[in-house]
Visitor: 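Structure incoming, see below.
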There are 2 protein chains.
Amino acid sequence: MKQRLAAIGTVETLPHRVAAFLSREIESGELNTGARLPTEQELSEKFGVSRNVVREAIAQLRADGMIEARQGIGAFVLAPEQRAAIRIDREALKDTHNMERLFELRCILEAESASLAAARRGQEHLDSIKAALDRMGGEERWEEGSIDADLLFHREIARATGNSYIHTFISFVCEQIRQSIHYARMTNPLHDLVEINVGEHVRIYDALVAGDPEAAEAAMRAHIIGAANRVGVKLPLQKTSGAK
Amino acid sequence: MKQRLAAIGTVETLPHRVAAFLSREIESGELNTGARLPTEQELSEKFGVSRNVVREAIAQLRADGMIEARQGIGAFVLAPEQRAAIRIDREALKDTHNMERLFELRCILEAESASLAAARRGQEHLDSIKAALDRMGGEERWEEGSIDADLLFHREIARATGNSYIHTFISFVCEQIRQSIHYARMTNPLHDLVEINVGEHVRIYDALVAGDPEAAEAAMRAHIIGAANRVGVKLPLQKTSGAK
DNA sequence: GTGATACATATCATCCTACAACTTAGCTCG
DNA sequence: CGAGCTAAGTTGTAGGATGATATGTATCAC
């Protein structure tokens with residue numbers, strides 16, 4: 001299980017809390033684009049923390065391109081388009097509606113990923129994907145290890161596209177979903193559902209081996225819709241691209 | 001033009017430089033997953049800056065999920081899958097190969113975005129999209145204003161999907177591309193190219209009005225491939241989904 | 001009265017020191 | 001030999017001091 005528990009149990013540090021507060025205030029629109037933040041001193045008084053803590057919080061927001069600090073003047077909220085990073089609010093994912101949307105995005109990325117991978121994969125890629133598949137099926141029940149293998153399977157497919165950005169984006173989205181589900185304890189499906197899940201993966205793998213992009217895309221689409229259903233998320237009807 | 005120049009001309013602050021250095025050391029693999037970073041004091045001596053500056057740098061990396069700091073022990077490099085944010089290295093985009101890949105990702109996202117938007121758009125969405133289109137065509141030459149309108153056009157389409165994550169991801173990718181191109185001064189295409197560009201947008205808009213997902217997707221795909229070509233990036237052949 | 005210069009103020013940037021909280025390893029003592 | 005304690009190392013937080021930069025104000029020359 002490695003050190004993952006340590007990561008989950010991370011204490012909320014003061015700068016993190018301050019950053020989260022400001023970030024939410026910006027997202028919610030209480031601080032509009034162009035608005036000036038309170039001075040560091042005011043913030044440190046307001047939150048009852050040292051100016052050092054406030055600065056660390058602001059450093060985070062600045063790195064994300066949410067605000068811009070100008071010496072001698074103050075800090076200002078930047079336009080949403082200027083963000084230098086994508087970040088997903090874990091809280092928001094507790095709303096099933098949002099989880100649904102995230103699954104939809106994942107479906108888009110992974111469907112095309114499977115399609116491209118089918119066209120571009122080499123033997124080494126197939127080997128890595130197969131290895132993940134075996135690890136997944138090797139487990140008796142659906143546990144931490146199986147989930148790791150599951151995600152690895154999807155990441156390896158993304159890697160087979162030869163496009164590192166696709167890999168990065170898919171890894172990110174999958175991980176967000178995984179952690180949210182883990183947190184909500186939606187996991188641990190019944191045994192027969194596990195077999196269905198593995199079966200769906202096998203179908204994707206077969207299409208990759210055959211080098212058939214359309215089949216791979218269809219199989220991936222079906223799998224993700226199925227995976228969403230299994231954790232209680234009903235995906236809206238996608239394009240009927242599978243049906244002729 | 002607003003305040004954008006200020007954002008571009010942002011000075012490189014010390015914490016930013018330290019963070020960039022450490023970040024690069026992690027990406028390059030010099031600091032592997034699980035490795036322990038030097039202590040804050042060692043870092044502050046190494047870079048010749050105060051411990052405060054080092055802490056701000058570490059705060060950024062921590063917020064991104066690149067490292068995990070544990071009181072009393074030290075800071076450790078986390079696995080790439082655990083990243084809490086997506087960030088794109090602007091430097092890497094100077095390599096045409098990477099730009100190509102980013103365009104490919106954009107194509108995937110936007111094609112599906114157009115398809116979904118065609119199926120789900122309301123009148124208000126069409127109005128916003130049309131407004132952006134008019135602003136784009138209104139300009140004589142292809143300047144800052146036209147580019148803004150261009151991006152807005154794509155963002156509004158993404159908004160019409162009703163999926164905020166799709167909107168976020170597309171906005172982000174487009175902005176990264178825009179800024180890289182702006183930086184490389186690849187812009188300012190010839191006049192006839194401008195007309196081609198606007199024409200492509202009109203075709204997308206018409207498909208959205210008609211509520212035809214397949215046509216919208218095809219038009220968007222053609223447009224992005226064209227846009228890439230116009231800045232000197234040749235996209236690899238995508239799926240031939242348009243051609244039956 | 002008007003314009004330019006110098007000054008005072010506000011704010012962020014950086015540095016410094018000190019202490020608290022936490023972890024580990026080693027040592028003491030029963 | 002083992003349990004508990006101590007000491008050292010590291011990150012977390014606090015608070016103040018100084019430098020750099022932008023802005024507004026007052027002063028002074030004309």
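The structure presented is a predicted model; accordingly, all values stated were derived computationally and were not measured. All chains are named by letter (A, B, ...) in the order of the sequence lines, taking the proteins before the strands, and each is independently numbered beginning at 1. Because only heavy atoms are used, hydrogens play no part in the values below, and waters and symmetry mates are left out as well, while side chains stay in.
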Visitor: Using whole Å, report how far CG of A:L14 lies from P of D:dT11.
Guide: 17 Å
Visitor: Donor-acceptor check, side chain of A:T161 to backbone of A:I157, threshold 3.5 angstrom: yes or no?
Guide: no
Visitor: Kindly say whether A:A85 contributes a backbone atom to a donor-acceptor pair with the side chain of A:D64 at under 3.5 angstrom?
Guide: no
Visitor: Can you pull out every salt bridge (charged side-chain N to carboxylate O under 4.0 Å, His left out) where at least one residue sits in residues 18-31 of chain B? Sequence neighbours excluded, please.
Guide: B:E27-B:R83
Visitor: Between B:R55 and D:dT11, does any side-chain N or O lie under 4.0 Å from OP1 or OP2?
Guide: no
Visitor: Using a strict heavy-atom distance below 4.0 Å, which residues from residues 36-48 of chain B are in contact with DNA chain C?
Guide: B:G48
Visitor: Evaluate the criterion side chain to side chain contact (heavy atoms under 4.5 Å, CB included) for residue pair B:V18 and B:L43; output intermediate values, then yes/no.
Guide: CA-CA 9 Å; B:V18 173; B:L43 288 175; 5.9 Å; no
Visitor: When you measure from the side chain of A:R87 to the backbone N and O of B:A63, does any donor-acceptor pair fall under 3.5 Å?
Guide: yes
Visitor: Looking at every strand, decide which applies to A:I58 at a 4.0 Å heavy-atom threshold: base, sugar-phosphate, or nothing.
Guide: nothing
Visitor: Any side-chain N or O of A:S50 under 4.0 Å from OP1/OP2 of D:dA14?
Guide: yes
Visitor: Could you tell me how far apart A:E68 (CD) and C:dT11 (C1') are, to the nearest whole angstrom?
Guide: 14 Å
Visitor: From C-beta outward on B:I73, which listed nucleotide comes closest to its side chain: C:dT23, D:dA22, D:dT13?
Guide: C:dT23
Visitor: Do any N or O atoms from the side chain of A:S113 and from the backbone of A:L109 form a donor-acceptor pair under 3.5 angstrom?
Guide: no
Visitor: Taking the six-membered ring for Trp, are B:F172 and A:F169 parallel (under 30°), tilted (30 to 60°) or perpendicular (over 60°)?
Guide: tilted
Visitor: Quick one: list whatever passes side chain to side chain donor-acceptor pair (under 3.5 Å) with A:H16, sequence neighbours left out.
Guide: none
Visitor: Can a side-chain donor-acceptor contact be found between A:E175 and A:Q179 if the only test is distance below 3.5 angstrom?
Guide: yes
Visitor: Just by distance, no angles: are the side chains of B:N98 and B:R101 close enough, under 3.5 Å, to form a donor-acceptor pair?
Guide: yes
Visitor: Using heavy atoms and a sub-4.0 Å distance, could you list which residues of residues 59-67 of chain B are near DNA chain D? By number, please.
Guide: B:R62
Visitor: Taking CZ from A:R70 and P from D:dA22, how many angstroms apart are they, rounded to a whole number?
Guide: 9 Å
Visitor: Just report the end-to-end axis angle for the helix from C:dG1-D:dC30 to C:dG30-D:dC1, five pairs per end, to 10 degrees.
Guide: 30°
Visitor: Give me the atom names and distance for the closest heavy-atom approach of B:L235 to B:A228.
Guide: CG-CB, 4.0 Å
Visitor: For atom CZ of A:R36, decide whether the heavy atoms of other residues, nucleotides or ligands shown that lie under 6.0 angstrom number more than 12.
Guide: yes
Visitor: Does a sphere of radius 6.0 Å around CZ in B:R90 hold more than 12 heavy atoms from other residues, nucleotides or ligands, not counting ones at 6.0 Å or beyond?
Guide: yes
Visitor: Starting from the 5' end of DNA chain D, give me the residue, B:G72 or A:E56, whose nearest nucleotide shows up first.
Guide: B:G72
Visitor: Shorter than 3.5 Å, N or O on both sides, protein versus nucleotides 16-19 of chain D: list them out with atom names.
Guide:
from: D:dG19; atom 1: N2; to: A:Q71; atom 2: NE2; distance (Å): 3.1

